[in-house]
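Data first, discussion second: the structure below is written as C-alpha cells.
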2 protein chains.
Amino acid sequence: MVETGASAVQSGEGLLFLTDEQLRKGIEAMFFAYRAFTADPDRILAEHDYGRAHHRAIHFINRQPGLTVSNLLTMLGVTKQSLNRVLRTLVEDGLVEARVGRRDKRERHLHLTERGQALERELSDAQRARMRLAYRAAGPAAVAGFRQVLEAMMDPDLRQFYQSMREGVA
Amino acid sequence: MVETGASAVQSGEGLLFLTDEQLRKGIEAMFFAYRAFTADPDRILAEHDYGRAHHRAIHFINRQPGLTVSNLLTMLGVTKQSLNRVLRTLVEDGLVEARVGRRDKRERHLHLTERGQALERELSDAQRARMRLAYRAAGPAAVAGFRQVLEAMMDPDLRQFYQSMREGVA
DNA sequence: GTTTTACGTCAGCGTTGTTGACTTTCCAAG
DNA sequence: CTTGGAAAGTCAACAACGCTGACGTAAAAC
C-alpha cells in the first residue's frame with residue numbers, strides 16, 4: 001500500500017480537499033466525465049465507420065498541419081503499427097494526405113483534405129458544444145481550476161507537449 | 001456544423017474563457033490527463049493479467065458492496081455480455097463473490113473478497129497518489145473548479161449516479 | 001560505406017466492446 | 001395457479017484497437 005487512510009487530514013493542516021474521499025470523488029468524476037466527453041464524437045464516428053483512434057489522429061493533424069508520423073506517434077502514445085492501420089484507412093478514404101518531406105524524404109507530413117477538415121469540424125463542433133456548456137455552467141474561475149488540476153495530473157513529458165501546442169490554429 | 005468561430009467572443013461579454021481556442025485546450029487537457037489518470041492502474045493490472053474493465057468493476061463493487069449486476073451495468077454503461085466476461089474471471093479468480101439475493105433470488109449481490117480488496121487497494125492507492133499530487137499542486141480552489149467542470153460535462157443521468165454515490169465507504 | 005532513422009507492412013494475439021439468440025430462475029399480476 | 005416479464009447467465013460471431021515481432025525500403029547521418 002502506498003498511503004492509506006485520510007492521510008491529509010492527519011496532517012492537521014485543514015486540507016480537507018485531500019481526504020481519500022475527496023480524491024475518490026475526483027477519480028469518479030474523471031471516469032464519468034470522460035465517458036460524456038467521448039460520447040458525442042463516438043456517435044458521429046460510428047456513422048462514418050470510424051473509431052476513437054481516427055478521431056485522435058484527425059484532431060492532432062488538424063491542430064498541427066504537416067506534422068510527421070513520428071510526431072503524431074509520440075503524442076498519441078501508441079505503436080506505429082497501431083497508428084498505421086488507422087492512418088492508412090484515412091488516406092485511402094481521402095481524409096488525410098501524406099506528403100513526402102522536402103528536406104527529409106523519409107518523413108511523411110500529414111495534412112487534412114477538405115473532406116478531412118469537414119469531419120474534423122463535425123467532431124470538434126460536437127465536442128466543443130458540450131465543453132462550452134460545461135464551461136458556461138461552471139464559470140471562468142472553475143475553468144481555470146479545471147485546467148490546473150488536469151495539467152498537474154499529466155506526466156511531465158506529456159505536459160510539455162500539451163503546453164507547447166501553439167495557440168493559433170492556422 | 002453546430003457553432004463555428006469564436007462565438008463566445010462575438011457575444012461581446014468578455015467571456016474569453018469560452019473561445020474556441022480555450023475549449024480546444026480543455027479538450028486536449030482531458031485527453032492527456034486521462035492518459036495519465038489510467039497509466040498507473042494499467043501498469044498494475046498488466047502484472048495481474050487484468051485490464052481496465054476489471055478495474056472499473058472492482059472499483060464500483062468496493063464502493064457499493066452488495067450492489068447488483070444490473071446496478072453495475074448501468075454505472076459502467078456496457079452490455080451485460082461484456083461485463084459478464086469480466087465478472088466471471090473475477091469470480092473464478094476469487095476476487096469477487098456473487099451472492100444470490102435474499103429477497104430476490106434472481107439478483108446477484110457483488111462483494112469483494114479479501115484478495116479482491118487487496119487488489120482494489122493496490123490500484124486505488126496508485127491512482128489516489130497521483131490525484132493527491134495534482135490536488136496539492138493546484139490547491140483547493142482549483143480542485144473545486146475541477147470538480148465543477150467535470151460534473152457539468154456529465155450527462156444528467158450519470159451526474160445523478162455520481163452525486164448519489166454515498167460519501168462513506170462502509 | 002556502414003549505421004541509424006523514418007516509415008510501411010505482414011502476421012498473430014489479447015482485451016473489450018458490440019449484436020443476436022436462447023435458457024433459467026423467479027417475482028408478481030391477472 | 002398460470003402466465004408475463006424482469007434479472008441473470010450463456011454461446012457465437014464480430015469489430016476496434018491496442019500489443020509484439022519480424023522484415024523491407026529509402027534516405028539521412030556518421
Side-chain angles (χ1 to χ4, degrees), chain A residues 31 34-35 38-39 41-61 66-93 96-111, chain B residues 31 34-35 38-39 41-61 66-93 96-111:
Chain A
F31 172 67
Y34 199 78
R35 278 259 296 281
T38 56
D42 282 354
R43 261 191 298 278
I44 295 167
L45 290 159
E47 293 168 14
H48 294 259
D49 279 304
Y50 290 127
R52 259 181 226 181
H54 300 88
H55 184 189
R56 294 195 282 260
I58 287 173
H59 174 92
F60 286 111
I61 294 172
L67 93 171
T68 64
V69 173
S70 39
N71 287 162
L72 188 51
L73 233 34
T74 317
M75 270 186 278
L76 297 179
V78 298
T79 60
K80 65 174 176 177
Q81 293 91 329
S82 200
L83 175 58
N84 194 258
R85 180 169 37 198
V86 166
L87 228 38
R88 196 180 357 176
T89 71
L90 289 175
V91 170
E92 281 172 3
D93 296 355
V96 166
E97 201 185 339
R99 300 181 196 157
V100 172
R102 301 192 347 150
R103 282 179 43 188
D104 185 335
K105 295 181 188 168
R106 291 170 306 179
E107 295 178 344
R108 300 290 184 279
H109 296 272
L110 305 168
H111 298 263
Chain B
F31 172 67
Y34 198 77
R35 278 258 296 279
T38 56
D42 282 354
R43 261 191 297 278
I44 295 167
L45 289 158
E47 292 167 16
H48 294 258
D49 279 306
Y50 289 127
R52 262 182 224 181
H54 300 88
H55 184 189
R56 295 196 281 261
I58 287 174
H59 174 93
F60 286 110
I61 295 172
L67 92 172
T68 64
V69 173
S70 39
N71 288 162
L72 188 50
L73 233 35
T74 317
M75 270 187 281
L76 297 180
V78 298
T79 60
K80 65 174 175 178
Q81 292 90 331
S82 198
L83 175 58
N84 195 259
R85 180 171 33 199
V86 166
L87 229 37
R88 195 179 355 167
T89 71
L90 290 175
V91 169
E92 282 171 2
D93 296 354
V96 166
E97 201 185 339
R99 300 182 194 155
V100 173
R102 300 191 352 146
R103 283 178 45 186
D104 185 336
K105 295 180 189 168
R106 290 167 305 179
E107 295 177 344
R108 300 290 185 279
H109 297 271
L110 304 169
H111 299 263

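Letters go in sequence order (proteins before strands), and every chain restarts at 1.
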Spacing between His109(A) atom NE2 and dA6(C) atom P, to the nearest angstrom: 12 Å

Approximate separation, where rounding is to 0.5 Å, of Glu97(B) CD and His111(B) NE2: 7.0 Å

Between dC19(D) (C1') and Asp42(B) (CG): distance, integer Å: 13 Å

From dG17(C), dC23(D), dA7(D), nucleotide with atom closest to Lys80(A) side chain: dC23(D)

Interatomic distance, Glu107(B) CD vs dC27(C) P [rounded to whole Å]: 10 Å

Nearest-Å distance for atom pair CZ/P, residues Arg52(B) and dC17(D): 14 Å

Check against side-chain contact (heavy atoms from CB on, under 4.5 Å), Asp93(A) and Tyr50(A): CA-CA 11 Å; Asp93(A) 296 355; Tyr50(A) 290 127; 2.4 Å; yes

Side-chain N,O (Ser70(B)) to OP1/OP2 (dA8(D)) below 4.0 Å: yes

Residue-phosphate contact under 4.0 Å: His54(A) side-chain N/O, dA16(D) OP1/OP2: no

Pairwise 5' ranking along DNA chain D for Asp49(A) and Arg102(A), keeping only the more 5' one: Asp49(A)

Spacing between Arg43(A) atom CZ and dT18(C) atom C1', to the nearest angstrom: 16 Å

Whole-Å gap separating C1' (dT18(C)) and OH (Tyr50(A)): 20 Å

For atom CG of Leu73(A) and atom P of dA6(C), their distance in whole Å: 11 Å

Listed nucleotide nearest any side-chain atom of Arg56(A), set dC7(C), dG18(D), dA7(D): dG18(D)

From CG (Asp42(A)) to CZ (Arg52(A)), nearest 0.5 Å: 4.0 Å

Close side-chain approach of Leu67(B) to Thr74(B), heavy-atom, < 4.5 Å: no

Nucleotide nearest Val78(A) (side chain, heavy atoms from C-beta), chosen from dC23(D), dC19(D), dT19(C): dC19(D)

Validation row: Leu110(B), Leu87(B) side chains within 4.5 angstrom (heavy atoms): yes

Nearest listed nucleotide, side chain of Val69(B), among dC27(C), dG9(D), dT19(C): dG9(D)

Residues touching DNA chain C, which here means a heavy atom under 4.0 Å, drawn from residues 81-91 of chain B: Gln81(B), Ser82(B), Arg85(B)

Arg35(B) (side chain) donor-acceptor with Leu76(A) (main chain) under 3.5 angstrom: yes

Base dA26(D) to side chain Arg106(A), donor-acceptor N/O within 3.5 Å cut-off: no

Donor-acceptor contact present, side-chain Arg102(B) to main-chain Val100(B), <3.5 Å: no

Lys105(B) NZ - dC26(C) C1' separation (whole Å): 9 Å

Residue-phosphate contact under 4.0 Å: Arg108(A) side-chain N/O, dA26(D) OP1/OP2: no

